[in-house]
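The structure appears below as structure tokens.
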Amino acid sequence: QGTYKGGKIGGKGSSSSASSSASTAISEDELVRLRSIDGIEEVWRSVPKDKQRKPKSTQLEIAVALDRMDDPERVTFLQRRVKAYYASPEGSGKYHRSLIRWLQDEGYNEPDDAWSAREQTRREL
């Protein structure tokens, strides 16, 4: 128990897929610390209901993203960026990145027009 990369991350029977942001084994103490970061639920609630997948894994990835940020307004920032992504052509399109992947890619740091350009490129293929 306590490993993250493709192994158990929590209590009895819970598991998660691998994460590049937490690609090595994670201790139970670190897992508890990450899960206690303020703002995880607020960011999760900013994800459209029809895009909410793998809540435990995604919420852990939200915690990792929040933990990376130094900004005291990081929760508000990440909420705004999540909403902007899912309102964009890419985020609202058929082939959007999962929130886990978007967080791992630090998609919240991408300019909004990147999300339009990628969707336009997909349509042209």
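One finds no salt bridge joining Glu61 and Lys54 here, because no Lys/Arg side-chain nitrogen approaches an Asp/Glu carboxylate oxygen to under 4.0 Å.
Ring planes of Trp115 and Tyr85: perpendicular class, angle over 60° (limits at 30 and 60°).
Every residue meeting the side-chain contact (heavy atoms from CB on, under 4.5 Å) condition with Pro111, not counting sequence neighbours, appears here in chain and number order: Asp113, Ala114. Every residue two or more places apart in sequence or in another chain that forms a side-chain contact (heavy atoms from CB on, under 4.5 Å) with Gln52 is listed here: Trp44, Val47, Lys49. Residues that satisfy the side-chain contact (heavy atoms from CB on, under 4.5 Å) test with Ser46, not counting sequence neighbours, are Val43, Gln79, Val82, Lys83. Residues passing the side-chain contact (heavy atoms from CB on, under 4.5 Å) test with Ser92, sequence neighbours excluded: none. The salt bridge (charged side-chain N to carboxylate O under 4.0 Å, His left out) check on Arg80 picks up nothing, with sequence neighbours excluded. By the salt bridge (charged side-chain N to carboxylate O under 4.0 Å, His left out) test, Glu42 is found to be paired with no residue, residues two or more places apart in sequence or in another chain being considered. Partners of Glu30 under the salt bridge (charged side-chain N to carboxylate O under 4.0 Å, His left out) rule, at least two apart in sequence or in another chain, are Arg33. Asn109 pairs by the side chain to side chain donor-acceptor pair (under 3.5 Å) definition with Glu106, not counting sequence neighbours. For Tyr86, there are no side chain to side chain donor-acceptor pair (under 3.5 Å) partners, not counting sequence neighbours. Residues satisfying the salt bridge (charged side-chain N to carboxylate O under 4.0 Å, His left out) test with Arg74, not counting sequence neighbours, are none.
Proximity of Leu103 to Leu78: side-chain heavy atoms (C-beta onward) are separated by under 4.5 Å at one or more points. Residues Gln59 and Arg35 form no side-chain contact, since every pair of their non-hydrogen atoms from C-beta on lies 4.5 Å or further apart. For the pair His96/Trp102, no side-chain contact is recorded, criterion being any heavy-atom separation below 4.5 Å from C-beta on. At a threshold of 4.5 Å between non-hydrogen side-chain atoms, the residues Asp105 and Arg97 count as touching.
Within a 6.0 Å radius of CZ in Arg101, no more than 12 heavy atoms belonging to other residues, nucleotides or ligands are found. Counting heavy-atom neighbours within 6.0 Å of Asp38 CG, excluding the residue itself, gives a total of 12 or less.
Within the model, atoms CD1 of Ile100 and CD1 of Ile62 stand 9.0 Å from one another, a figure rounded to the nearest 0.5 Å. The CD1 atom of Ile37 sits 9.0 Å away from atom CG of Leu60, with the distance rounded to the nearest 0.5 Å.
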